[in-house]
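Position 1 is the first residue of the sequence, and the numbers go up from there.
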Amino acid sequence: MANNKSAVKRIKINERNRLVNRTYKGNVKSIIKVYLDNLKAYELSKTDENKSKVDESLKLAYSRIDKATKRNVFHKNKAARKKSQLANCLKMI
């Protein structure tokens, strides 16, 4: 338990920031799941429609990752690693 006012304040600020960061992380996780589902559908039937869905979801995933990085939710190296992993998933097909 906190022993002074500044420690109490830091606890409140950390909790507030944790909740905000959780929304950004959740958005990134959900769009990555959508991307992987679209990728699996594209792998089964390689149509232009499925390809466009994959491209759109990848573009959206990159955007969400960059926004989270801009707000210091992710470290820049972690963001680069996530984007690289997503690109490699598409390249393997």
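Taking R18 as the reference, E15 meet the salt bridge (charged side-chain N to carboxylate O under 4.0 Å, His left out) condition, with sequence neighbours excluded. Under the side-chain contact (heavy atoms from CB on, under 4.5 Å) criterion, N14 pairs with R10, sequence neighbours left out. Among residues two or more places apart in sequence or in another chain, the side-chain contact (heavy atoms from CB on, under 4.5 Å) test is passed with A80 by none. Qualifying salt bridge (charged side-chain N to carboxylate O under 4.0 Å, His left out) partners for K59, counting only residues two or more places apart in sequence or in other chains: none. For N3, there are no side-chain contact (heavy atoms from CB on, under 4.5 Å) partners at least two apart in sequence or on another chain.
Of the possible donor and acceptor atoms, none in the side chain of Y42 sits under 3.5 Å from a partner among the backbone N and O of V54. Side chain of N50 to backbone of L39: no donor-acceptor contact under 3.5 angstrom is found.
By the criterion of side-chain heavy atoms lying less than 4.5 angstrom apart, applied directly or through intervening Ile, Leu, Val, Met, Phe, Trp or Tyr residues, L86 is grouped together with I93 in one hydrophobic cluster.
Of the inter-residue distances, the one linking K82 atom NZ with Q85 atom CD reads 7.0 Å to the nearest 0.5 angstrom. Note that OG of S45 is 14.0 Å distant from NZ of K40, once rounded to the nearest 0.5 Å. Rounding to the nearest 0.5 angstrom, the gap separating the OG atom in S84 from the NZ atom in K91 is 8.0 Å. The SG atom of C89 sits 10.0 Å away from atom CD of E43, with the distance rounded to the nearest 0.5 Å.
Remark: K83 NZ is packed, more than 12 non-hydrogen atoms of other residues, nucleotides or ligands lying under 6.0 Å away.
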- Please test K51 against D55 for salt bridge (charged side-chain N to carboxylate O under 4.0 Å, His left out), starting from the C-alpha separation and ending with a verdict. CA-CA 6 Å; K51 177 67 172 167; D55 290 339; 3.8 Å; yes
Let me have the donor-acceptor pairs involving side chains of residues 19-32, under 3.5 Å, with sequence neighbours excluded, atom names and distances please.
unit_1	atom_1	unit_2	atom_2	d
N21	ND2	N17	O	3.4
T23	OG1	V20	O	2.6
Y24	OH	R71	NE	2.6
N27	ND2	T23	O	3.3
S30	OG	G26	O	3.2
S30	OG	N27	O	2.9

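By the 4.5 Å heavy-atom criterion applied to side chains, Y35 and L90 are counted as neighbours. Side-chain contact between V8 and N4 is absent, with no heavy-atom pair separated by less than 4.5 Å. The closest side-chain heavy-atom distance from K9 to K5 is not below 4.5 Å.
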